[in-house]
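Residues take their numbers from the sequence shown, with the count starting at 1.
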Amino acid sequence: MSAAVEERLDDLESKLETVARVTLDVRRQLRSEAVSAERTKMLAALRERALEHDVRKAKCAGCGAPVDIALLSDPTCPGCGYLFTDVEPGSWLIRSPRLVNTHPELEAPLEEESELDVLSAVVGEATTDGGDER
């Protein structure tokens, strides 16, 4: 091949690599935003569940620290990072309310794509469960 063709192919290869890199970055950003949106939905469902049980504060099932549900900006314990998916109302005799994770698949760190799938399923269950109780 001639030098001009080689140079043109190198230029096209470089541009293609740039497009691929930008595409991956955009895909990661979109996934990250989708995960964030699902976590926001989870927090809303958690707050709704707490409201149904008249619970404002509860203990983290992960570390036992008291958590004010209204102050949460994410459905995780501010102290230990434990992910909350539900509120267990306390009983007047046995224990105080607890924030728990009813989905063990969320305990291990997941890649964003898997986390998005699992969080979407959890939010769907919380929305469905909440609608049935009313």
Side-chain angles (χ1 to χ4, degrees):
M1 280 198 248
S2 71
V5 172
E6 283 284 330
E7 188 176 312
R8 182 75 176 135
L9 285 175
D10 288 345
D11 183 51
L12 288 174
E13 183 179 358
S14 174
K15 288 178 181 178
L16 184 59
E17 286 174 0
T18 300
V19 169
R21 193 172 25 259
V22 169
T23 301
L24 286 174
D25 289 346
V26 168
R27 185 177 292 162
R28 283 186 195 113
Q29 181 65 30
L30 289 174
R31 287 255 178 233
S32 177
E33 290 173 9
V35 166
S36 179
E38 290 301 318
R39 290 174 80 87
T40 299
K41 289 178 188 176
M42 271 181 85
L43 180 59
L46 183 70
R47 286 182 174 153
E48 185 176 321
R49 184 98 164 119
L51 186 61
E52 289 171 4
H53 293 290
D54 197 28
V55 174
R56 179 182 162 103
K57 292 183 180 182
K59 288 186 178 182
C60 170
C63 67
V67 177
D68 188 329
I69 298 166
L71 297 179
L72 289 175
S73 59
D74 193 57
T76 57
C77 177
C80 71
Y82 185 83
L83 180 66
F84 306 131
T85 61
D86 200 4
V87 176
E88 285 183 352
S91 89
W92 64 274
L93 185 60
I94 300 174
R95 65 170 195 255
S96 60
R98 291 183 335 140
L99 292 165
V100 297
N101 183 340
T102 56
H103 295 274
E105 64 273 17
L106 291 175
E107 290 178 8
L110 298 171
E111 293 182 21
E112 280 186 358
E113 188 169 324
S114 298
E115 183 178 7
L116 176 59
D117 294 339
V118 174
L119 290 176
S120 296
V122 170
V123 169
E125 286 178 17
T127 305
T128 304
D129 291 346
D132 292 344
E133 291 179 5
R134 291 183 181 187

**Asked** What pairs of residues pass the side-chain hydrogen bond (donor to acceptor under 3.5 Å, both in side chains) test when at least one of them lies in residues 14-26, not counting sequence neighbours?
**Response** Asp11-Lys15, Asp25-Arg28

**Test log, rule side-chain contact (heavy atoms from CB on, under 4.5 Å), inputs Phe84 and Ile69** = CA-CA 10 Å; Phe84 306 131; Ile69 298 166; over 6 Å; no

**Prompt:** Are the side chain of Thr85 and the backbone N or O of Thr102 linked by a donor-acceptor pair below 3.5 Å?
**Reply:** yes

**Prompt:** Heavy-atom count around Asp10 CG within 6.0 Å, excluding the residue itself: above 12?
**Reply:** yes

**Prompt:** For the residue pair Asp86 and Arg49, what are the closest heavy atoms and their distance?
**Reply:** OD1-NE, 2.6 Å

**Asked** Can you tell me if Tyr82 uses its side chain to pair, donor with acceptor, with the backbone of Leu99 under 3.5 Å?
**Response** no

**Euclidean distance, Arg47 CZ relative to Glu52 CD, rounded to 0.5 Å** = 15.0 Å

**Request:** Could you give me the CA-CA distance, side-chain angles and deciding distance for Val87 and Leu46, then say whether side-chain contact (heavy atoms from CB on, under 4.5 Å) is met?
**Result:** CA-CA 7 Å; Val87 176; Leu46 183 70; 3.6 Å; yes

**Request:** Could you tell me whether the side chain of Met42 reaches within less than 4.5 Å of the side chain of Glu38, counting heavy atoms only?
**Result:** no

**Prompt:** Tell me, do Lys57 and Val67 make a side-chain contact under 4.5 Å, heavy atoms counted?
**Reply:** no

**Request:** Evaluate the side-chain proximity of Arg39 to Pro75: yes if any heavy-atom separation is below 4.5 Å, no if none is.
**Result:** yes

**Message:** Quick check for you: to the nearest 0.5 Å, what is the distance between Lys59 atom NZ and Arg98 atom CZ?
**Reply:** 10.0 Å

**For the student: nearest non-hydrogen atoms of Cys77 and Cys63, plus distance** = SG-SG, 3.7 Å

**Message:** Going by side chain to side chain donor-acceptor pair (under 3.5 Å), name the residues that satisfy it together with Glu33, two or more places apart in sequence or in a different chain.
**Reply:** Gln29

**Request:** Applying side chain to side chain donor-acceptor pair (under 3.5 Å), name anything that partners Asp68, two or more places apart in sequence or on another chain.
**Result:** Arg56

**Message:** Any non-hydrogen side-chain atom of Leu72 less than 4.5 Å from a side-chain atom of Leu43?
**Reply:** yes

